[in-house]
Colleague: 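Would you mind keeping the following structure in view while I ask a few things?
Fair warning: this is a prediction, and the values are worked out from it, not measured in the lab.
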Amino acid sequence: MRHALSVDVEEWFQVGAFEKVIDKTGWDGLETRVERNTDAVLALFAESGVTATFFTLGWVAHRYPHLIRRIAEAGHEVASHGWDHQRVFTMDAATFRTDLARTRATLEDASGQKVTGYRAPSFSIDQRTPWAHEELAAAGYTYSSSVAPLTHDHYGWPEAPRYAFQPIAGAGLIEVPVTVADLPGKRMATGGGFFRLLPSQLMNFAVRQVTREGQPAVFYFHPWEIDPGQPRVAEAPLRSKLRHYSRLGAMAGKLRGLIKAHDWGRMDAVVAALGDVAPIGSVAKAGAQSGDSATGPRPLPGKDRSPGELAA
């Protein structure tokens with residue numbers, strides 16, 4: 001099973017954790033580190049012999065077009081992460097449409113690639129944005145990876161299917177949710193800061209779990225997560241600081257281990273290999289008929305295993 005390796009390309013100051021203490025009007029006056037950090041990610045991938053998908057902000061591509069070209073020339077997919085990390089549920093349909101068009105044009109000009117994939121900032125497509133998938137389909141996107149099927153204080157759509165689905169039957173768009181670990185009575189996020197802060201075994205367990213269920217995993221992280229030397233935001237809440245700065249120095253080594261442990265590739269290739277994907281209504285119906293909720297937590301395969309085995 002080939003799994004999807006993805007990078008959300010943004011500056012250290014453009015994250016959701018700092019959106020209430022760093023105003024967008026001041027971004028251009030802050031130290032930029034996205035180019036050097038993304039080049040470090042490219043080097044790590046070249047060393048590991050893998051290709052990935054780089055979901056990139058239009059704001060970054062506008063300022064560093066040569067970086068986007070390097071990503072494409074290294075064999076990676078360039079996809080959209082929106083213009084400036086504005087969460088989708090803060091927009092209306094018309095604003096979202098404009099954001100999509102502006103970002104795609106900038107990414108395609110810089111990369112020389114056709115952009116067909118999208119990831120919402122902070123996984124912000126959920127029950128509040130019933131029009132978002134319609135806009136993506138109308139714009140000609142073939143896939144989105146914008147849903148986190150769990151409950152989280154910053155994002156989450158716990159009622160969404162755990163695996164790939166058609167949000168609009170016959171529209172030509174597939175939604176591929178980010179991978180979560182399905183534990184008894186709870187789902188846990190496994191990518192990004194969760195991978196950095198928690199034992200690597202959790203993500204490895206989640207990959208093996210979805211593989212047993214015949215599905216590819218979707219993993220993501222950010223270039224700033226391998227940069228322990230980035231500036232510190234003194235005004236940020238303690239919780240945000242702990243989430244953002246903890247174990248930055250360990251991230252590169254953990255990534256190498258994860259890449260080595262599984263077969264990884266670009267999102268577009270993984271999506272192309274999915275075959276027939278059911279519409280969201282069919283997914284829910286199939287789950288109900290099987291006696292298993294397609295939208296709620298499902299029992300763990302081999303749930304009678306010991307805690308040590310589950311963490312392995």
Side-chain angles (χ1 to χ4, degrees), residues 1-10 12 15 33-34 36-55 71 74-77 119 123 145 148 150 152 162-163 176-183 186-230 242-267 269-270 273 300-302 305-312:
M1 178 71 68
R2 173 156 290 182
H3 306 287
L5 180 61
S6 62
V7 187
D8 292 356
V9 182
E10 58 202 46
W12 61 270
V15 300
R33 299 175 75 88
V34 68
R36 54 170 287 182
N37 290 339
T38 305
D39 279 336
V41 171
L42 288 171
L44 190 155
F45 286 172
E47 164 197 321
S48 302
V50 295
T51 54
T53 294
F54 287 69
F55 292 100
I71 292 171
H76 305 290
E77 179 190 12
R119 173 170 289 154
F123 301 103
S145 183
L150 46 61
H152 184 273
R162 189 177 172 208
Y163 298 130
V176 191
V178 66
T179 293
V180 297
D182 211 3
L183 305 174
K186 183 177 183 179
R187 286 180 177 174
M188 288 190 65
T190 54
F194 295 92
F195 177 74
R196 176 167 41 89
L197 296 169
L198 298 174
S200 300
Q201 290 92 330
L202 178 65
M203 184 65 205
N204 285 315
F205 164 73
V207 173
R208 291 195 297 270
Q209 185 183 62
V210 300
T211 301
R212 286 195 298 268
E213 298 180 12
Q215 298 289 336
V218 177
F219 175 76
Y220 76 97
F221 71 100
H222 310 84
W224 58 260
E225 290 190 272
I226 62 170
D227 180 16
Q230 65 188 271
L242 290 173
R243 284 178 169 176
H244 189 88
Y245 297 121
S246 296
R247 297 185 57 75
L248 294 173
M251 187 64 166
K254 295 182 75 172
L255 285 170
R256 289 185 176 93
L258 182 71
I259 291 170
K260 184 176 180 181
H262 310 283
D263 186 13
W264 298 99
R266 296 165 38 143
M267 283 281 314
V270 170
L300 199 66
R305 296 178 181 179
S306 70
E309 287 177 298
L310 292 178

Colleague: With a 4.5 Å limit on heavy-atom distance, are the side chains of V9 and F55 in contact?
Modeller: no
Colleague: Looking at R243, is its backbone amide N or carbonyl O close enough to the side chain of R196 to form a donor-acceptor pair, meaning the two atoms are under 3.5 Å apart?
Modeller: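 Indeed, once roles are kept as given, a pair shorter than 3.5 Å links the two residues.
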Colleague: Between H244 and W12 (judged by ring centroids, cut-off 6.0 Å), do the two rings come close enough to count as a pair?
Modeller: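 No, the ring of H244 stays outside the 6.0 Å limit from the ring of W12, centre to centre.
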Colleague: Is there a side-chain contact between I226 and V41 in this structure, where contact means two heavy atoms from C-beta onward sitting under 4.5 Å apart?
Modeller: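 Yes. Closest side-chain heavy atoms under 4.5 Å.
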Colleague: With no hydrogens and no angle check, do the side chains of S145 and R119 hold a donor and an acceptor under 3.5 Å apart?
Modeller: yes
Colleague: To the nearest 0.5 Å, tell me how far R266 CZ sits from T53 OG1.
Modeller: 6.0 Å
Colleague: Measuring from F54:CZ to D8:CG, what's the distance to the nearest 0.5 Å?
Modeller: 10.5 Å
Colleague: Could you grab the distance from atom OG1 of T51 to atom CD1 of I71, nearest 0.5 Å is fine?
Modeller: 13.0 Å
Colleague: Say you draw a straight line from CD of E225 to CG of N37; how long is it, rounded to the nearest 0.5 Å?
Modeller: 10.5 Å
Colleague: Please give me the minimum heavy-atom distance between M267 and S6, naming the atom from each residue.
Modeller: CG-CB, 4.4 Å
Colleague: Take V176 and V270, measure what side-chain contact (heavy atoms from CB on, under 4.5 Å) needs, and give me the verdict at the end.
Modeller: CA-CA 10 Å; V176 191; V270 170; 6.0 Å; no
Colleague: Sequence neighbours excluded, which residues qualify as side-chain contact (heavy atoms from CB on, under 4.5 Å) partners of A148?
Modeller: F123, L150, Y155, V178
Colleague: Between F195 and F219, does the ring centroid distance fall short of 6.0 Å?
Modeller: yes
Colleague: Testing the basics here: between H76 and L42, what is the closest heavy-atom pair and its distance to 0.1 Å?
Modeller: CD2-CD2, 3.5 Å
Colleague: Taking the side chain as C-beta and beyond, is there a heavy-atom pair between Q215 and R162 under 4.5 Å?
Modeller: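 When only atoms from C-beta onward are counted, R162 and Q215 do not touch, as no gap falls below 4.5 Å.
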Colleague: Measuring from atom CD of Q209 to atom OG1 of T190, what distance do you get when rounded to the nearest 0.5 angstrom?
Modeller: 10.0 Å
Colleague: On a heavy-atom basis, which atom in P216 and which in R2 lie closest, and how many Å separate them?
Modeller: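 Closest approach of P216 to R2, heavy atoms only: CB-O, 3.5 Å.
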Colleague: Find the distance between CD (Q230) and CZ (R33) and round it off to the nearest 0.5 Å.
Modeller: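 Spacing of CD (Q230) from CZ (R33) equals 7.0 Å.
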Colleague: Considering non-hydrogen atoms only, spot the tightest contact between L248 and W224 and give its length.
Modeller: CD2-O, 3.9 Å
Colleague: side-chain contact (heavy atoms from CB on, under 4.5 Å) between H3 and T179: does it pass, once the steps are laid out?
Modeller: CA-CA 10 Å; H3 306 287; T179 293; over 6 Å; no
Colleague: What are the two closest non-hydrogen atoms of P223 and T38, and how far apart are they?
Modeller: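 Scanning both residues completely, I find the closest heavy atoms to be CG-OG1, 3.5 Å.
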Colleague: Can a donor-acceptor pair be found, under 3.5 Å and without considering hydrogens, that links the side chain of R256 to the backbone of S48?
Modeller: no
Colleague: Quick one: are L202 and F194 in side-chain contact, heavy atoms under 4.5 Å?
Modeller: no
Colleague: Do the ring planes of W264 and H262 sit parallel (below 30°), tilted (30 to 60°) or perpendicular (above 60°)?
Modeller: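 Perpendicular.
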